[in-house]
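Step one of this worksheet: look at the structure below.
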Amino acid sequence: MFIPNLLSADSGGESIVRARIIIVEDEPDLRDAVAEYLGAAGYDVVTAESAAAARGLLDTQSFHIAILDIAMPGEDGLSLGRWLRSKLPIGIIYATAAGTALDRIVGLELGADDYIVKPYELREVLARVRSVLRRVPQPQELQDKKATTDRRAVTFGPFQADLDGRMVTGANGAVIDMAKSEFDVLEVFLTRANRLLTRAAISEAIGFTEDPESSRAVDIRIMRLRKKIETDPANPKFLRTVRGEGYIFTLPTGDGN
């Protein structure tokens, strides 16, 4: 039986932390169905019928993932997601109506970790939740326990990436504000430095199924990443495009963990 938790198989016997999910959806039947299905899969699930209700819950509770309907009365899911991304280290999955590619692209540009298209199967929701959870940082108390152990770190130019703490610092130790989806892509490149990676390979590494939308999602993440680590994003020094092939992250010999 699948046990939903945030620990890897080699976690050294740490206690399992049940993942907490908030579902923000204005359609009560769909909201209840998703909550019941994810609850049966072993997750702790809380629901809200609007962005306002969700904000109230988030004032007093913490979650690992938020599943947000984009088209809701009042404040929409994109606005709520933008607020969440600025406040909390949380995985975000947007739910959007079929055929609204623009919403999906905007959501990815705002830092979403994934999206699902309505009408969707409950099994698909579960699969995407599991995929995002594999990329969500572990709870702070577990990260604190690891602070005194060796950490995987990669240095490139003025930046240092802590792959275990999922944090990038720049000159003078300043923390670079980076969405989890952006760090996912950076980690793929840093652990495969100086190798040509196709979009299909990148999509697979971050848990996407390769299709035109996934390729677009990869390109968006790389565009955002370049703005944060390249002096001149139009002429990148680290994350270069190989026309017609993919991307390569150039890491000078001797840099790394």
Side-chain angles (χ1 to χ4, degrees), residues 2-8 11 14-96 107-108 110-116 118 120 122 124-147 165-167 175 177-184 207:
F2 177 80
I3 302 176
N5 65 83
L6 302 185
L7 304 183
S8 61
S11 57
E14 296 281 6
S15 59
I16 290 174
V17 178
R18 288 168 62 88
R20 304 197 72 237
I21 302 171
I22 182 169
I23 301 168
V24 188
E25 168 63 61
D26 66 308
E27 298 180 34
D29 291 343
L30 178 59
R31 182 175 67 241
D32 293 345
V34 176
E36 181 178 356
Y37 191 83
L38 294 180
Y43 297 101
D44 289 333
V45 183
V46 174
T47 64
E49 72 279 4
S50 66
R55 284 177 181 259
L57 290 168
L58 288 157
D59 281 340
T60 59
Q61 301 182 49
S62 62
F63 300 92
H64 300 103
I65 287 184
I67 301 176
L68 310 178
D69 181 25
I70 288 181
M72 293 187 293
E75 182 182 9
D76 64 24
L78 292 174
S79 175
L80 178 62
R82 186 186 304 110
W83 177 79
L84 279 172
R85 180 63 74 210
S86 71
K87 299 291 184 181
L88 303 168
I90 187 171
I92 296 177
I93 300 175
Y94 282 122
T96 182
L108 291 168
L110 291 177
D113 295 284
D114 209 339
Y115 63 86
I116 46 180
K118 294 182 177 181
Y120 48 74
L122 295 176
E124 179 187 2
V125 180
L126 178 59
R128 293 185 182 275
V129 164
R130 289 174 176 173
S131 176
V132 172
L133 278 175
R134 286 195 290 268
R135 311 195 296 269
V136 170
Q138 293 183 9
Q140 187 62 47
E141 63 267 23
L142 295 181
Q143 293 200 27
D144 289 343
K145 290 180 181 179
K146 291 183 176 181
R166 295 180 64 81
M167 181 174 66
V175 176
D177 182 21
M178 191 169 292
K180 288 187 289 297
S181 56
E182 295 163 6
F183 193 94
D184 291 340

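Excluded from the calculations below are hydrogen atoms, water molecules and symmetry mates; all remaining heavy atoms, backbone and side chain alike, are included.
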- Minimum heavy-atom distance between Gly77 and Leu68, given as atom pair plus value: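 Gly77 and Leu68 have their closest heavy atoms at O-CD1, 3.8 Å.
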Holding to side-chain contact (heavy atoms from CB on, under 4.5 Å), I want the full list of residues that pass it with [X], two or more places apart in sequence or in another chain.
{"X": "Gln61", "result": "Arg20, Val46, Leu57, Phe63"}
{"X": "Ala53", "result": "Ala48, Glu49, Ser50"}
{"X": "Ala51", "result": "Met72, Glu75, Leu80"}

Quick one: [atom1] on [X] to [atom2] on [Y], what's the gap to the nearest 0.5 Å?
{"X": "Asp69", "Y": "Ile93", "atom1": "CG", "atom2": "CD1", "value": "13.5 Å"}
{"X": "Arg128", "Y": "Tyr94", "atom1": "CZ", "atom2": "OH", "value": "15.0 Å"}
{"X": "Asp184", "Y": "Arg166", "atom1": "CG", "atom2": "CZ", "value": "4.5 Å"}
{"X": "Ile65", "Y": "Ile21", "atom1": "CD1", "atom2": "CD1", "value": "5.5 Å"}
{"X": "Ile67", "Y": "Asp114", "atom1": "CD1", "atom2": "CG", "value": "10.0 Å"}
{"X": "Ile70", "Y": "Lys118", "atom1": "CD1", "atom2": "NZ", "value": "9.0 Å"}

Only pairs under 3.5 Å count here: list side-chain donor-acceptor contacts from residues 26-39, not counting sequence neighbours, and write none if there are none.
residue, atom, partner, partner atom, Å
Arg31, NH1, Glu25, O, 2.6

- Task: Only pairs at least two apart or in different chains count here, so list each salt bridge (charged side-chain N to carboxylate O under 4.0 Å, His left out) that has a residue in residues 38-47.
- Result: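 As it turns out, the salt bridge (charged side-chain N to carboxylate O under 4.0 Å, His left out) pairs with a partner in residues 38-47, which skip direct neighbours, are Arg18-Asp44.
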- So, do Leu58 and Trp83 sit near enough that their side-chain heavy atoms are less than 4.5 Å apart?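 A side-chain contact exists here, since the closest heavy-atom pair is under 4.5 Å.
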- Examine distances only and state if a side-chain atom of Asp113 and a backbone atom of Ile92 form a donor-acceptor pair shorter than 3.5 Å.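 Checked: pair present.
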